[in-house]
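Just so you know, these numbers use all the heavy atoms, side chains as well, and skip hydrogens, waters and symmetry mates. Whatever order the structure lists ligands and atoms in, that order sets their numbers, starting from 1.
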Amino acid sequence: MAHRWTNDLTLADATPKAAFLNRRQILAGTAGLGAIGLVGAGGAAHAQDALEPNTFEEITSYNNYYEFGTGKGDPADNADKLEITPWSVKVDGMVDNPGDYTPEELLGGLTVEDRIYRFRCVEAWSMVIPWNGIELADILNRVGVQDGAKYVAFETVVQPENMIGVQRRVLDFPYVEGLRLDEAMHPLTLMATGIYGEPMPKQNGAPMRLVVPWKYGFKSIKSIVRITLTDEEPPTSWNNANAREYGFYSNVNPTVDHPRWSQASERLIGGGLFNSRQDTLMFNGYEDEVASLYEGMDLSQNF
Ligand SMILES: Nc1nc2c(c(=O)[nH]1)N[C@H]1C(S)=C(S)[C@@H](COP(=O)(O)O)O[C@H]1N2
Ligand SMILES: [Mo]
């Protein structure tokens with residue numbers, strides 16, 4: 001599969017190559033997403049950056065997915081109940097080809113990318129995650145964005161009988177998120193379908209979830225069942241829950257603190273003996289790629 005964009009982070013030599021070999025075996029024998037090749041091949045090799053991805057175990061055992069509970073281990077404990085076959089994504093609003101799409105119809109034949117991205121939660125922890133997925137722009141081009149569309153809205157599945165966090169109403173569900181159209185079309189923005197070459201684990205948002213690496217993690221909405229093109233800024237779950245603390249943009253910004261804590265640094269999960277803190281980077285390290293999207297905007301007002 002082609003690689004059209006180069007990461008500044010790479011799989012180090014220590015990457016468990018066996019995981020990728022296993023994946024090929026899985027691809028050969030699995031129905032559904034894997035069988036039509038929505039899981040990408042191993043990462044392109046560069047050696048300029050010493051940052052190493054978190055382990056598969058770390059990425060799949062320390063999660064936020066409130067539909068399955070608010071504890072970091074709850075999604076890993078409870079998300080096995082999520083039903084992902086069959087799966088349908090409603091595409092509606094200002095598009096040429098609205099409809100209910102199977103994952104194969106929405107994603108099949110598009111280029112699967114391998115992207116090793118920094119991932120920064122608004123709670124001030126971070127990981128480095130090797131995603132596989134498809135540029136959201138490719139999907140939007142497939143469904144045909146109409147003139148006048150300015151935003152993309154996303155919605156997560158609700159399966160009340162399977163989701164203990166929905167039963168407990170820990171947030172107002174369905175979880176909803178949104179991007180400005182130029183953010184959605186940016187080549188860094190990914191519809192992720194896998195991690196480490198494995199199909200997306202349920203606790204990480206199977207079968208497909210957004211990844212917007214320069215924004216706080218809550219913008220990266222999981223288990224998407226609806227994509228809507230609109231000309232109005234869509235409501236977003238954490239902004240609905242607390243507008244003073246969570247804005248629409250939610251770009252990672254070490255100079256704009258959360259009302260209740262500093263965003264200047266972060267705790268790197270699995271960061272060795274001391275669970276090490278490191279400085280948080282402007283736009284999470286993607287400033288060169290995305291700063292131009294926000295030219296002229298006051299980032300402390302548009303947080
Ligand atoms: N539907 C849904 N999507 C969600 C969340 C959630 O609770 N529900 N949590 C968000 C938050 S706060 C973060 S940090 C990331 C976590 O992604 P990960 O568990 O794959 O690391 O998912 C985001 N997407
Ligand atoms: Mo988060």
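- Residues forming a salt bridge (Lys or Arg N to Asp or Glu O under 4.0 Å) with R168 (at least two apart in sequence, or on another chain): none.
- Checking S223 against Y65 by side-chain atom types alone, a donor-acceptor pair falls below 3.5 Å.
- By the neighbour-count criterion of 12 heavy atoms within 6.0 Å, atom CD of E232 is sparsely surrounded, having that number or fewer from other residues, nucleotides or ligands.
- When only modelled atom types and interatomic distance are considered, Y294 and E183 share a side-chain donor-acceptor pair under 3.5 Å.
- Within 4.0 Å of ligand 1, contacts by protein heavy atoms are made from N63, N64, Y65, Y66, E67, F119, C121, W125, T156, Y175, N204, R209, G217, F218, S220, I221, K222.
- A donor-acceptor contact under 3.5 angstrom links the side chains of K72 and N64, judged on distance only.
- Taking the ring axis of Y249 as reference, the NZ or CZ atom of K219 does not stay both within 45° of it and closer than 6.0 Å to the ring centre.
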